[in-house]
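Data first, discussion second: the structure below is written as structure tokens.
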Amino acid sequence: PLADGTGHVTVATTRPETMLGDVAVAVHPEDEAKQAFVGKMVRVPIANVEIPVIADEAVELGFGSGFLKITPAHDATDFETGQRHGLAAPIIMTTDARMADAALEGKAGGRVPPEVFGMDRFEARRVMVEMLKQQKLLEKIEPHRHAVRHCYRCDTVVEPRLSDQWFVKMQPLVTPALEAVRTGEVRLVPERWRTTYERWMENIRDWNISRQLWWGHRIPVFTCAACGEQWADREDPTACRRCGGAVEQDPDVLDTWFSSWLWPFATMGWPDATPDLERFYPGTTLVTAPEILFFWVARMIMSGYYFMGKKPFTTVYLHGTARDTQHRRMSKSLGNGVDPLDVVRLFSADALRWTLVAGTSLGADVVLDPNDLESTFAPGRNFANKLWNIGRFVLAQLTDRDGQGRTETDQSVSFRLLSSPSASDLSLADRWILSRLQATIREVTGSFEQFRLDEGAKRCFDFVWHDLADWYVEAVKPRLAPNAASVALAHTVLVYCFDTALRLLHPVVPFITEELWQKLPGRKASELLAVAAWPESQSALDNPGAEAQFERIKQAIEKIRAIRADYRISPKTRLAAVIAARGTDAPEAFRSERETIMRLAQLDQVSFDGAGTGVGAYATFGDGSEVFVALEGVIDVAQECERLGAERDRLDRQLTGLAAKLSNQNIVARAPADVVAREWEKEREWRIQRDGLDGKLKSLGCS
RNA sequence: GGGCGAAUAGCUCAGUUGGUUUAGAGCGCCUGCCUUACACGCAGGAAGUCGGGGGUUCGAAUCCCUCUUCGCCCACCA
């Protein structure tokens, strides 16, 4: 009711009991209809005090009744409104949320009436609603969804209550910390966090650093019981610095982040100028979770500039978060987590690490399925297993040749190549894998430097599994026979490749790589991969020509394997094939890897002269090179026609698409020359392959 | 309420300044193999109108607009 009895205003609230602490009712200054009320007094029911109607922009236009009760002691927004209008802030609850006037120190007789005095807030709410009803001052009750703060530990609804606290004035600390990130002096990775960081820094509020907890660093503020002098001190004083009276230390402790923000230098002996501090400050890369960017990272940057005059680190790498298949963050309270120890037990620590590193691209979260650990972590286990088996194979070659363990020769030869590769002795497969390895070293190093851990991990995976194991190890097997001429060289290349791959992979799968690496020849007992040198690529081993030629070897083998599968020929059946190099494809390359082709395509006969004749299956690849597999008695002309026809049609479709592109003058004129040249080269190769197939189709009499 | 991000094969995701890609990988799926390092493996294969619509461009999964859906972070919500 208005105090002058001329009417009333209606106020909505979700916390009726706090009306005992109301000091004003506010309306929005632009709410024309309500301006007449501003300056009038209203009587707060139950509390029986008169308070003014004021105008303030904290009121949201169009929300609720348009009248907002102001309770400065029990609501943060209201506190600020109260400050703006110079209003009092009566506290009407105790620290354990029972109704009582704090100003009366536990005695009744103030704003809190006897009916609810000493009552818990929720009980008081019920009683007060009843009282309002009886006094016919309750207009209506309706459901309203809104956010209520709960204690993170016991889930109790938290009640805002005005109290004295210590704050750090943040504005002076912000400027250098904001500038550092803006200029790139401190780099955030991924970069998009910069916006978030800047927004927070620009709107920073003073930092409440006092906590009413049992455990923590006590606030070093002292108060004299006699004269009231109050000061902060580095030492613990025993008497007042002014009058010599008894002193008391502030009972509160510091916010945990108030000590954490000193971490970059306090851990190294600060405030003393220690050698560690000199050597290790500033640090290089801080790795942490994104949600801690404000709590910790921003504050470390601020404290670094303030206390040390320098940034605390150059790069902040913010990693992803582990989530479940519904993208919920894994947490103890939700119970949707994956226990790392289970994963270690079932799949190994390397498998766990592999999944998290290889499965997360920069700045992205990683989704793990707590209900299907197998499909989540098996790939990592499988890869570790593959590494182990390659290691077993390599080591077996080096140790059991004549039943007498590894020899002196093995150890010396294995590392000679590193300094002086002799190209003339190397096979095509050697040159290919060595060149591939150099590219791998460069790419993996580059990826890691850019925090593209997934990219680096997967590049290693591809090299180890698909280059080294699938092709090189298979190609090199015949040369590993004890009496083979190039056995020492083969060992050298094999060990060099494997050793280097282990070094590259060590950050991702540290345990198995360490174990394997220490078993390699030439290792001293004290050597650790963990501190071994990072590989450097040797440009002398780069060999694009060998890479291209060995690609053709692979293609020839793959064509033969595909023919074998198409005609359902048992893997045990050895076949005879003719491979004809065409165009720029080098015939001597095929000849030099004759053994490899025979073994991997399961042939008992291969010729590199002329084209194949008789009944058989045909395929074309590369620069028009051809492969012919004799299939007397197996071949079905109709099926061969269909097979070749399908391949010819596929090439035709591609050629049609390309032709449209290349006949468009716009493209030819406006696209970069090298792009156009590449398209023409593609067109040439596809056309040669297509023409080859056409000829074959004709000669088979396919319609 | 404010800010940010994501939608690409059945699933989880790559695809770095628009053009070497015939849109890839792992898992799953289909066929055949215990080929003396590995069946946690080998060989071959199927599978995607790159969320919808519009635009810019000679050219778009990639840039712009819009719609839809999902998610995350922050917040002083009467």
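In the text below, chain A, chain B and the rest are named by the order of the sequence lines, each starting its count at 1.
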Donor/acceptor link under 3.5 angstrom from [X] side chain onto base of [N]:
X      : N      : result
A/E474 : B/rA43 : no
A/R650 : B/rU22 : yes
A/R205 : B/rC76 : yes

Problem - Worked check of ring-ring contact (aromatic ring centres under 6.0 Å, His included) between A/W193 and A/Y197 - result: CA-CA 6 Å; A/W193 285 106; A/Y197 176 93; over 10 Å; no

Rounded to the nearest Å, what distance is computed from the [atom1] atom of residue [X] to the [atom2] atom of nucleotide [N]?
X      : N      : atom1 : atom2 : value
A/R323 : B/rC70 : CZ    : P     : 17 Å
A/D566 : B/rC30 : CG    : P     : 20 Å
A/N389 : B/rG41 : CG    : P     : 10 Å
A/L387 : B/rC38 : CG    : P     : 15 Å

Completion exercise
In Watson-Crick or G-U wobble terms, with both distances under 3.5 Å, the base opposite B/rG41 is B/rC33

Practice task
Have a look at A/D470 and say if it touches a base, only the backbone sugar-phosphate, or nothing, with a 4.0 Å heavy-atom cut-off.
Solution key: sugar-phosphate

Practice task
Take A/D342 and A/R345, measure what salt bridge (charged side-chain N to carboxylate O under 4.0 Å, His left out) needs, and give me the verdict at the end.
Solution key: CA-CA 5 Å; A/D342 284 342; A/R345 187 168 46 79; 3.1 Å; yes

Practice task
Using the six-membered ring of A/W471, assess whether NZ or CZ of A/R436 lies under 6.0 Å from its centre and within 45 degrees of the ring axis.
Solution key: no

